[in-house]
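Before any comments, here is the structure.
Just so we're on the same page: letters track the sequence lines, and every chain starts at 1.
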Amino acid sequence: HRSPLNDFERLRATELLAAPTDPLPVLLEWGSAEQCAQHCVTSLTCRAFHHNRQSQLCQLLPWTQHSPHVQLQKNIHYDLYQKKDYLRDCIVADGSSYRGTRATTEKGLRCQHWQATTPHDHRFLPSPRNGLEENYCRNPDRDKQGPWCYTIDPNVRHQTCGIKKCEDAVCVTCNGEDYRGTVDHTESGTECQRWDLQHPHKHPFHPDKYPDKGLDNNYCRNPDSSERPWCYTTDPGREREYCRIRICKKRPRPHNVTTGCFRGKGEGYRGRVNITVSGIPCQRWDTQSPHQHHFVPEKYPCKDLQENYCRNPDGSEAPWCFTTHPTIRIAFCFHIRRCPEELSTPECYHSHGEHYHGHISKTRKGITCQPWAAQAPHVPQISPLTHPEAHLEENYCRNPDNDSHGPWCYTMDPRTPFDYCAIKPCSGSTVPSIVENPDAVTFEQCGRRDERLQWKGR
Amino acid sequence: IVGGQPGNSPWTVSIRNRAGSHFCGGSLVKEQWVISTRQCFSSCDADLTGYEVQLGTLFKDPGPGDPNQQTILIARIVCGPSESELVMLKLARPAVLNSRVALICLPHERYVVPAGTVCEIAGWGETRGTADGNVLNVARLPVLAHDECNAALRGRLKDSELCTAPLRAGVGACEGDYGGPLACLTADCWVLEGVIIPSRVCARTDQPALFIRVSLYVDWIHKVMKM
């Protein structure tokens, strides 16, 4: 059940361009990414391959991004797969498969080229199979200390390079939700299943669906706020397992700590609200009744699971808690106020701000305004040509359409066509209060439902 | 919805996170636009990859064969004017309107719902045992006059808020209903007059319930859909 892709790191929408002098890569072959990987693994020269998802063509490459005279380039038609051993800057087991480009010993001595026999003569000569190239650290004799090399110092024949094991190279803070190291085996030594594969284990953690969880290749990750990084295993009999990774000594200071309100998803909320909206007291985090759970305070040291306070240890939409009501397991604490996140300037506007001619040119989120005369990133429907009397100068905030919510502008953020500005209404500004009922209103094409479709019918 | 009963509200949508869990409600105001509340989302430029809305079914978690269920990914979130506590969600593709999926009307700008009008809230949220929490529940609430509500709240009512009167039986929105509609029948059409916002306690019997007054933001809503 091991996929040949397990030996590769995938770079999406990326192409590896070689200098024109290099020999053209091996011809194209047809197949799925896994079939291409199988070809590449069995080829002595292949170190990477392009896979064109549309044409299902693949191009085997004898180089990687660390080879000389090559460069990575965006190309939406290709995914680039490179052998991990050539990319990783850490070793697995004794590092016999290490093919990185480290060329200095742990004491900082430069390595002698394997091709050379001076200053030190030796019998480890390069061959297509043994990976001895240039003067890179290697472990041709399975030395327990890991990759080593002969040194250019006549007095030091050879020395270990001190390359760290992958489980030590990148340590884990808190529960490892932001661990992005390259450990790809579980604590029992089973190899991990790739996150972008659904075999041998089907799972919900598609990398596309969780772009912020770093679900790359088959590396250990923690997308669901478990106690520590884990992965699905390539053993059909064992769905998932934790990985053994060094814990960082230093605990990071929690950022965005708030107490009277919560920001974003409230992962930094450290206030003392401990009751749900429905008035049900929260269950203490250090008890397992009435609801059993795995959010044991000592296992989540960075989440401040104190008492029975609302918290967000798992990246949910908002702070939440287990409730003391036996039939209601969890409740959000949306009733905690959100912290205001808007910028504001000392300037203010009267009425709707239709006569505001100030020089503020930022939205309330701090995004720079697009010049009114510009056509990008947004093609304006309102411009100095269409509204000559509205003083649409530069990229200053204005209210050419008498928007009742004040001065606004097109924004330089391609995703946000327009937004209101960081200007507040002047206090006492005479915005007409709500108009009493206007004359009879009518509606078309909306608000009608088939009253017969009541529940009974269902 | 506490104190309600199963009902049909074809413009009410369920907003679900990447894990497919319902966490808030919304209202379909255009085939590709849903209105909800800012309180349901972590930020105005939240990455909503994998978030979706579910329409066309009365079940909170319908089985695979539900005939009219539509599930559509959310493409974008746009935050409303400050204080509005509103957001608009642009769907990745238009919803298909049918007997189970319909648009709710938007009110006329600054329209005031006459006091006493009986409106309806809907949602898949907490029922506190008063109804089946696995299906869409609806409840009816009478609108309270602005000044009467302001008096009851000792002057804390904002222009951007709309009130309904407390009922002795304890009827109201709760956890999981936030963002859903307060719909009022006007000229034989259901109109989105309010959006449900989190309150400190559900279904209070001693205080009016507050909603975002949509008629104050109709110009912004049209502007977003136009732009």
Side-chain angles (χ1 to χ4, degrees), chain A residues 204 206 208-212 224 263-266 276-279 316-318 327-328 331-332 334-335 338 340-342 364-365 378 381 401 403-406 410 413 415-420 424 431-438 440-443 445-451 453-455 458, chain B residues 2 5-10 17-19 23-24 38-45 47 49-50 58 76 78 81-82 84 99-100 102-106 108 110-112 114 126 128-129 135 146 159 174-175 178 183 186-187 189-191 198-202 213 215-217 219-220 223 226-227:
Chain A
H206 300 267
D208 302 348
K209 215 170 177 184
Y210 293 85
D212 53 333
D224 63 348
R263 198 167 279 128
K265 295 191 168 186
T276 75
V277 177
S278 346
S316 288
E317 312 312 320
T327 63
I328 303 171
F332 279 121
F334 271 128
H335 49 303
R338 277 186 182 283
E341 62 182 15
E342 296 179 358
R364 55 190 170 151
K365 300 282 181 255
H378 305 286
Q381 293 161 19
D401 57 349
D403 186 313
S404 64
H405 306 290
Y410 292 101
D413 172 1
R415 294 174 311 156
T416 310
F418 83 99
D419 199 4
Y420 297 99
K424 295 288 179 209
V431 173
S433 79
I434 291 171
V435 174
E436 280 308 314
N437 300 357
V441 293
T442 56
F443 301 95
Q445 312 286 322
C446 62
R448 297 189 186 284
R449 70 185 174 193
D450 184 343
E451 297 298 348
L453 278 176
Q454 277 314 326
W455 179 241
R458 187 94 174 151
Chain B
V2 176
Q5 71 277 336
N8 175 34
S9 179
N17 62 20
R18 291 170 178 152
F23 66 92
C24 270
R38 167 79 182 75
Q39 291 270 26
C40 287
F41 297 91
S42 58
S43 86
C44 291
D45 35 32
D47 173 6
T49 308
L58 297 178
R76 292 242 334 266
V78 183
S82 313
S84 71
S99 61
R100 287 261 173 235
L103 303 181
I104 189 167
C105 303
L106 285 168
H108 280 235
R110 314 185 84 75
Y111 177 73
V112 172
E126 182 52 58
R128 257 190 3 199
V135 296
H146 199 81
D159 243 6
C174 202
E175 187 72 54
Y178 307 139
T186 306
C189 291
W190 288 95
V191 183
S199 60
R200 281 203 162 278
V201 179
C202 300
R213 177 187 296 279
S215 69
L216 221 56
Y217 302 102
D219 57 345
W220 166 72
K223 191 167 180 173
K226 189 173 82 175
M227 285 205 184

List the steps and the verdict of side chain to side chain contact (heavy atoms under 4.5 Å, CB included) for A:Arg364 and B:Ser82.
CA-CA 9 Å; A:Arg364 55 190 170 151; B:Ser82 313; 3.7 Å; yes

Would you sort out whether B:Cys44 and A:Lys365 count as a side chain to side chain contact (heavy atoms under 4.5 Å, CB included), showing the intermediate values?
CA-CA 9 Å; B:Cys44 291; A:Lys365 300 282 181 255; 3.3 Å; yes

Atom CD of B:Glu175 and atom OG1 of A:Thr276: how far apart are they, to the nearest 0.5 Å?
7.0 Å

Ring-face cation of A:Arg449 near B:Trp190 (centre distance under 6.0 Å, axis angle within 45°):
yes

Are the side chains of B:Asp47 and A:Pro211 in contact, using a 4.5 Å heavy-atom criterion?
yes

For B:Gly50, is there any backbone N or O sitting under 3.5 Å from a side-chain donor or acceptor partner on A:His206?
no

Region of B:Gln39 in contact with chain A, defined by heavy-atom distances below 4.5 Å:
both

Between B:Lys223 and A:Asp403, is there a salt bridge with N-O shorter than 4.0 Å?
yes

Going by heavy atoms in the side chains, are A:Lys209 and B:Thr49 under 4.5 Å from each other?
no

Which pair of heavy atoms, one from B:Met227 and one from A:Gln381, lies closest together, and at what distance?
CA-NE2, 3.8 Å

Output yes when a side-chain donor or acceptor of B:Arg18 lies under 3.5 Å from a complementary backbone atom of A:Pro204, and no otherwise.
no

Can you tell which part of B:Arg128 gets under 4.5 Å to a heavy atom of chain A, answering side chain, backbone, both or neither?
side chain

Proximity breakdown for B:Ala19 and chain A, heavy-atom pairs closer than 4.5 Å
both

Tell me whether A:Cys446 and B:Cys105 have SG atoms closer together than 2.5 Å.
yes

A:Arg338 CZ to B:Cys40 SG distance, which is reported to the nearest 0.5 Å:
8.0 Å

Hey, which of A:Asp224, A:Asp419, A:Asp413, A:Asp401 has the most heavy atom pairs under 4.5 Å with chain B?
A:Asp401

Identify which part of A:Tyr420 has an atom lying under 4.5 Å from any heavy atom of chain B, answering side chain, backbone, both or neither.
side chain

Where on B:Pro81 is there a heavy atom nearer than 4.5 Å to chain A: the side chain, the backbone, both, or neither?
both

A:Glu317 side chain near B:Ser42 side chain, heavy-atom distance below 4.5 Å
no

Classify the angle between the aromatic ring planes of A:Phe334 and B:Tyr178 as parallel (below 30°), tilted (30 to 60°) or perpendicular (above 60°).
perpendicular

In terms of heavy-atom proximity below 4.5 Å to chain A, should B:Val78 be classed as side chain, backbone, both, or neither?
neither

For the pair B:Asp219 (side chain) and A:Ser404 (backbone), establish whether a donor and an acceptor sit closer than 3.5 Å, ignoring hydrogens and angles.
yes

B:Ile104 CD1 to A:Arg448 CZ distance, which is reported to the nearest 0.5 Å:
13.0 Å

In terms of heavy-atom proximity below 4.5 Å to chain A, should B:Phe41 be classed as side chain, backbone, both, or neither?
backbone

